[in-house]
Amino acid sequence: MDLTVSPRYIMDISPGKRLDPYDVEASTTLLSPIRLLPLSLPPLSRVLLASVEVVRIPERMVVLIGLRSTWARFGLVSSLTVADPGFNGTLTLEVFNSSVHPILISSGDKIWSMTLVYAPDEPLYTGRYQGQHDVTRPIVFERPK
């Protein structure tokens with residue numbers, strides 16, 4: 001099943017500054033407010049996008065989300081993402097423009113595809129992104145003691 005890009009996105013606004021996954025201030029000040037597509041994604045830039053689809057992952061199933069090959073051939077890169085059993089909500093996914101050309105991204109584009117995998121021993125997802133319904137900023141980690 002393909003995933004459709006929702007109209008909203010979040011982008012880096014301070015390239016070169018350090019993003020600390022444990023620092024709430026960095027995660028909010030170095031990323032843009034939510035903006036509306038279309039976007040001409042500049043070379044060597046990344047953006048957070050959300051799916052239009054609300055996914056509900058059944059027990060004993062894991063979903064692998066990967067970039068569709070045509071987008072990869074234009075230079076987009078998106079890390080393989082796993083949606084755990086029990087996850088419910090829209091998906092926030094990152095894409096990176098590795099090409100030397102800007103790439104146009106519009107609402108409704110089908111950028112990713114999902115593959116269901118049987119995973120009988122995986123626990124149900126209860127993480128911090130459960131129930132999200134829009135493009136979502138990173139939720140920072142608690143710093144280990």
Side-chain angles (χ1 to χ4, degrees), residues 1-59 61-117 119 122-144:
M1 177 179 153
D2 292 334
L3 291 171
T4 310
V5 175
S6 79
R8 295 154 54 98
Y9 71 92
I10 296 171
M11 194 164 176
D12 285 335
I13 55 175
S14 298
K17 299 249 178 158
R18 186 180 75 174
L19 282 171
D20 180 350
Y22 298 97
D23 181 359
V24 174
E25 184 180 348
S27 75
T28 57
T29 60
L30 300 180
L31 298 173
S32 74
I34 292 176
R35 297 178 178 165
L36 294 177
L37 294 173
L39 165 67
S40 183
L41 185 62
L44 304 179
S45 296
R46 70 182 192 100
V47 64
L48 296 176
L49 301 165
S51 66
V52 167
E53 296 80 10
V54 175
V55 298
R56 290 176 183 81
I57 312 303
E59 290 184 40
M61 298 302 287
V62 168
V63 173
L64 304 177
I65 300 128
L67 193 69
R68 295 184 67 205
S69 67
T70 299
W71 289 94
R73 292 166 200 229
F74 280 116
L76 278 187
V77 177
S78 187
S79 63
L80 183 67
T81 302
V82 175
D84 297 309
F87 177 82
N88 177 23
T90 59
L91 296 164
T92 296
L93 301 160
E94 182 239 9
V95 295
F96 175 77
N97 181 356
S98 68
S99 80
V100 296
H101 306 285
I103 298 174
L104 179 64
I105 299 173
S106 299
S107 178
D109 287 343
K110 294 186 182 297
I111 292 182
W112 308 278
S113 63
M114 299 189 323
T115 303
L116 244 59
V117 177
E122 279 293 310
L124 289 179
Y125 180 78
T126 59
R128 64 185 108 190
Y129 299 108
Q130 184 73 289
Q132 69 186 14
H133 288 287
D134 201 351
V135 59
T136 304
R137 294 176 177 284
I139 299 171
V140 299
F141 296 114
E142 186 174 315
R143 193 168 300 279

Nearest atoms (heavy-atom pairs only) where [X] meets [Y]:
X: I65; Y: A83; answer: CD1-CB, 4.1 Å
X: P43; Y: S99; answer: CB-O, 3.2 Å
X: I13; Y: S32; answer: CG2-CB, 3.4 Å
X: P85; Y: V62; answer: CD-CG2, 3.9 Å
X: I105; Y: V95; answer: CD1-CG2, 4.0 Å
X: L48; Y: P138; answer: CD1-CD, 4.1 Å

Verify, without hydrogens or angle tests, whether [X] (side chain) and [Y] (backbone) share a donor-acceptor contact under 3.5 angstrom.
X: S78; Y: L67; value: no
X: S106; Y: P38; value: no
X: R128; Y: V140; value: yes
X: T29; Y: E25; value: yes
X: T90; Y: D134; value: yes
X: T115; Y: S113; value: no
X: E122; Y: M61; value: no
X: S40; Y: P102; value: no

Got a second to check how far [X]'s [atom1] is from [Y]'s [atom2], nearest 0.5 Å?
X: F87; Y: I57; atom1: CZ; atom2: CD1; result: 7.5 Å
X: K110; Y: M1; atom1: NZ; atom2: CE; result: 7.5 Å
X: S98; Y: L44; atom1: OG; atom2: CG; result: 8.0 Å
X: M11; Y: L39; atom1: CE; atom2: CG; result: 5.5 Å
X: I139; Y: Q132; atom1: CD1; atom2: CD; result: 7.5 Å
X: L124; Y: D84; atom1: CG; atom2: CG; result: 9.5 Å

Under the rule for side chain to side chain donor-acceptor pair (under 3.5 Å), what residues qualify as partners of R143, not counting sequence neighbours? D20

W71 meets the side chain to side chain donor-acceptor pair (under 3.5 Å) criterion, sequence neighbours left out, with none

Test item: [X] and [Y] side chains (from C-beta on) under 4.5 Å apart, heavy atoms:
X: M114; Y: V55; value: yes
X: L49; Y: D109; value: no
X: W112; Y: V5; value: yes
X: Y129; Y: T136; value: yes

Just checking H133: does its NE2 atom have more than 12 heavy atoms from other residues, nucleotides or ligands closer to it than 6.0 angstrom? yes

Who are the ring-ring contact (aromatic ring centres under 6.0 Å, His included) partners of F96, not counting sequence neighbours? none

Could you go step by step and tell me if N88 and V54 meet the side chain to side chain contact (heavy atoms under 4.5 Å, CB included) rule? CA-CA 7 Å; N88 177 23; V54 175; 3.8 Å; yes

Which pairs, with at least one residue in residues 21-41 and sequence neighbours excluded, count as a ring pair (Phe, Tyr, Trp, His ring centres under 6.0 Å)? Y22-F141

Applying salt bridge (charged side-chain N to carboxylate O under 4.0 Å, His left out), can you list everything that pairs with E94, at least two apart in sequence or on another chain? R46

Please walk me through it: do V63 and L91 pass side chain to side chain contact (heavy atoms under 4.5 Å, CB included)? CA-CA 11 Å; V63 173; L91 296 164; over 6 Å; no

Keeping to residues at least two apart or across chains, list the salt bridge (Lys or Arg N to Asp or Glu O under 4.0 Å) pairs with something in residues 30-40. none

Does R8 form a side chain to side chain contact (heavy atoms under 4.5 Å, CB included) with L37? I'd like the steps, not just the answer. CA-CA 6 Å; R8 295 154 54 98; L37 294 173; over 6 Å; no

